[in-house]
Undergrad: 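Here's a structure for you.
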Amino acid sequence: MLVLLLASPAVMAASADTIEARLAALEARVSAAEQRASAAERRASNAEARAIQAQRTLHQAKQRLASVADSPHNATPASPPLVAADSPSHAPADEGDTAPLSNVNTTPEGTLSFGAYARSGVLFNDHLEGGKGGPYQSPAGSVGGAVGRLGNEQDTYVEATFGYQQLFSNGTRANYTVMLADGVDTLNDWTSDDSDLNVRQVYAELSSLPTLRNSSLFKDATFWAGKRFDRDNFDIHWLDSDFIFLAGTGGGIYDIQLTPDWKSNVSLMGRSFGDFSTAGGSSDVQNYILTSNNFFGPWQWMINGMHANGNDSNCRVGGDAGLTQEECTEQTLNSRQGRSAKNGAHTMLAYHGDSFFGLREGTFKVAMMYGRGLGAEVKSIGSDSELLSDAQSVRIGGYGTTALTNTWSIAPMILAEHSKDRYVKGDRYDWITFNARLSQAINENFELQYEATWQNMDLSPRGWANRRSASGSVTKLTFAPTLKPFTGDFFMRPELRAFVSYMDWSKGLNGYSDNDAFGSNGFTGSEWQFGVQMETWF
């Protein structure tokens, strides 16, 4: 007992050492657990960021495919998905990366992308003379009334779109896009004297900003600035006519998530009306277009307001029955028949369907547009400086695509517009176009394409631009044997076509305008035209 009592201090010291060691071990385990929890939190955050980006990339890819299907001819496809480069430095920081924000790689190498649209062909008549063509080969074409384009194009037009995408190590994504375009009518190989080479788009985008990752409104938003076509333009390819075409220079935000079922885009774009060689007013008028584009599932509601300060001070030579420079007096400037609008409003309601009008497999789109003042140009928004403040336009349109059988497919469409007080008080322009394109697959690479167009119009320009009243209809029929990578898809390209087209129209349309092909040089109806053409996009 005495021995045990004498040994107690040593035992107690050893016990204290053991407890201290255990506490130290416990503290080490707690610290390790905290580190593992922190690493898990970083992994979860990175996983969430990658999941968000994967969803965004898929969304952008779908939009690009939809844009290629809807508007391959005059607008670049939607911005390509922002794909990360293969280098590990371009991936989000992994769970072991504890570098501070100041050490983030801010200049990563990016990924290049390339997209294109092109068409080129020759068109001649039954006298082996150069043919007259174009989707707007109609008196109604002066106010947007297009006819079917198959077998009706004689130009060479090309777009080349280059993109550069970057993924920064903090998750931010950047995209730079530039599009070059050129179009000529000559058949020669060297066409520099006739070239219209132009930079149609140049803009930059930023998305997936980490500072907005916790924002329900902006976490999936894309910010942009520059010169561009709006991402959500769409068209009727068979007519080479947009439902809606918004373009200019400015900036905006795409994909603002206002509610779980409501996305919105906002932008401010400017367009230059250019120099006016007339008396009075500014020589450098600009039109500014404020846009709210809203999406509710398949529904789209677009609202545009515009203002062009000084546009109403420009006297419009060639206006009411052809005003001369001398007739542009103060009295004319103060009359509505001699002054252009300086404000405008425009709206569109559209539905993007995933079936053929709900009847069978396929696709369809329908839209209704209304505009007033500068907004009365309902397709190319804000592009017509000559519209009166009282100008009004209503346009409706729709098209669909579906397979009828294993070998037959059809794409019917309708487009119609009523407008009044456009350029002269009391003028009126009414037209309607019906068009259908059919394809018959012969084998895997060869199909026969058929297109029929009927357009009726009643135009009363009241002397504007020396145009005369015209009433009647245009009919166009085309047959086009076609080679392509595989058949059964209206939007599969490239296509190599040979074609024969027949056009006829009412005699009352001849002489509508001195600048119109109708009625000029013997082009008076019952015209046969032939040619070959290639068309491609990717």
Side-chain angles (χ1 to χ4, degrees), residues 57 60-83 85 109-123 134-135 149 153-166 173-205 222 224-237 239-242 245-250 254 269 271 380 383 483-485 489-497 532-538:
T57 301
Q60 290 182 328
K62 288 180 178 179
Q63 289 177 328
R64 188 184 183 194
L65 290 174
S67 178
V68 168
D70 290 335
S71 185
H73 65 287
N74 67 350
T76 183
S79 301
L82 302 180
V83 181
E109 293 181 3
T111 300
L112 288 171
S113 63
F114 175 64
Y117 170 81
R119 64 175 179 265
S120 182
V122 60
L123 183 70
R149 69 189 299 184
E153 294 175 317
Q154 82 284 9
D155 64 333
T156 293
Y157 176 74
V158 59
E159 295 174 352
T161 303
F162 302 90
Y164 185 70
Q165 298 84 41
Q166 293 172 286
R173 292 183 174 270
N175 173 51
Y176 167 73
T177 297
V178 59
M179 187 180 84
L180 305 178
D182 189 23
V184 295
D185 285 332
T186 176
L187 302 181
N188 296 333
D189 62 323
W190 189 263
T191 60
S192 60
D193 291 340
D194 302 296
S195 174
D196 290 323
L197 183 63
N198 178 51
V199 177
R200 293 198 75 182
Q201 299 191 80
V202 54
Y203 62 90
E205 296 177 316
T222 297
W224 68 269
K227 173 183 176 181
R228 72 175 299 169
F229 304 158
D230 184 67
R231 184 193 68 185
D232 296 308
N233 293 335
F234 61 103
D235 77 333
I236 302 176
H237 179 65
L239 295 189
D240 195 16
S241 176
D242 295 90
F245 184 69
L246 173 63
T249 303
Y254 289 127
M269 288 191 182
R271 294 186 65 94
S380 298
S383 65
L483 282 173
K484 58 196 305 181
D489 184 348
F490 274 114
F491 298 106
M492 172 53 59
R493 297 295 185 275
E495 288 188 349
L496 308 180
R497 313 163 179 137
V532 294
Q533 185 190 44
M534 79 84 184
E535 184 182 45
T536 189
W537 64 70
F538 55 86

Undergrad: Taking C-beta and beyond as the side chain, do Phe490 and His237 meet within less than 4.5 Å on heavy atoms?
TA: no
Undergrad: Between atom CG of Leu187 and atom CG of Asp155, what is the distance when rounded to the nearest 0.5 Å?
TA: 10.5 Å
Undergrad: Which value, rounded to the nearest 0.5 Å, describes the distance between Thr536 atom OG1 and Met492 atom CE?
TA: 10.0 Å
Undergrad: Might you point out which heavy atoms bring Leu246 and Asn233 nearest each other, and give the distance in Å?
TA: N-OD1, 3.0 Å
Undergrad: What's the separation between atom CG in Leu483 and atom CE in Met534, rounded to the nearest 0.5 Å?
TA: 14.5 Å
Undergrad: Output all residues satisfying salt bridge (Lys or Arg N to Asp or Glu O under 4.0 Å) with Asp489, sequence neighbours left out; order by chain, then residue number.
TA: none
Undergrad: Enter the distance from Tyr176:OH to Leu112:CG here, rounded to the nearest 0.5 Å.
TA: 11.5 Å
Undergrad: Can you name the nearest heavy-atom pair linking Val184 to Ser195, along with the distance?
TA: CG1-CA, 3.8 Å
Undergrad: Are side-chain N/O atoms of Thr177 and Gln201 paired as donor and acceptor at under 3.5 Å?
TA: no
Undergrad: Counting distance only, does the side-chain N/O of Arg271 pair as donor-acceptor with the main-chain N or O of Ala247 below 3.5 Å?
TA: yes
Undergrad: List the residues meeting salt bridge (Lys or Arg N to Asp or Glu O under 4.0 Å) with Lys227, not counting sequence neighbours, and say none if there are none.
TA: none
Undergrad: If we ignore hydrogens and angles and just use 3.5 Å, is the side chain of Asp182 paired with the main-chain N or O of Asp196 as donor and acceptor?
TA: yes
Undergrad: With Glu495, which of Arg119, Lys484, Gln533 fulfils side chain to side chain donor-acceptor pair (under 3.5 Å)?
TA: Lys484
Undergrad: Between the main-chain N or O of Trp190 and the side-chain N or O of Asn188, is there a donor-acceptor pair closer than 3.5 Å?
TA: no
Undergrad: For the residue pair Tyr157 and Tyr117, does the interplanar ring angle fall in the parallel (under 30°), tilted (30 to 60°) or perpendicular (over 60°) class?
TA: tilted
Undergrad: Grab the two heavy atoms, one from Pro485 and one from Pro494, that are nearest each other, plus how far apart they are.
TA: CD-O, 3.1 Å
Undergrad: Using the side chain to side chain donor-acceptor pair (under 3.5 Å) criterion, which residues pair with Thr191? Sequence neighbours excluded.
TA: none
Undergrad: To the nearest 0.5 Å, what is the distance between CZ on Arg173 and CD on Gln165?
TA: 9.5 Å
Undergrad: How are the rings of Trp224 and Tyr203 set relative to one another: parallel (under 30°), tilted (30 to 60°) or perpendicular (over 60°)?
TA: perpendicular
Undergrad: Quick one: sort the Trp537 and Phe491 rings into parallel, tilted or perpendicular, breaks at 30° and 60°.
TA: tilted
Undergrad: Using a strict 4.0 Å threshold on nitrogen-to-oxygen distance, state whether Arg228 and Glu205 make a salt bridge.
TA: yes
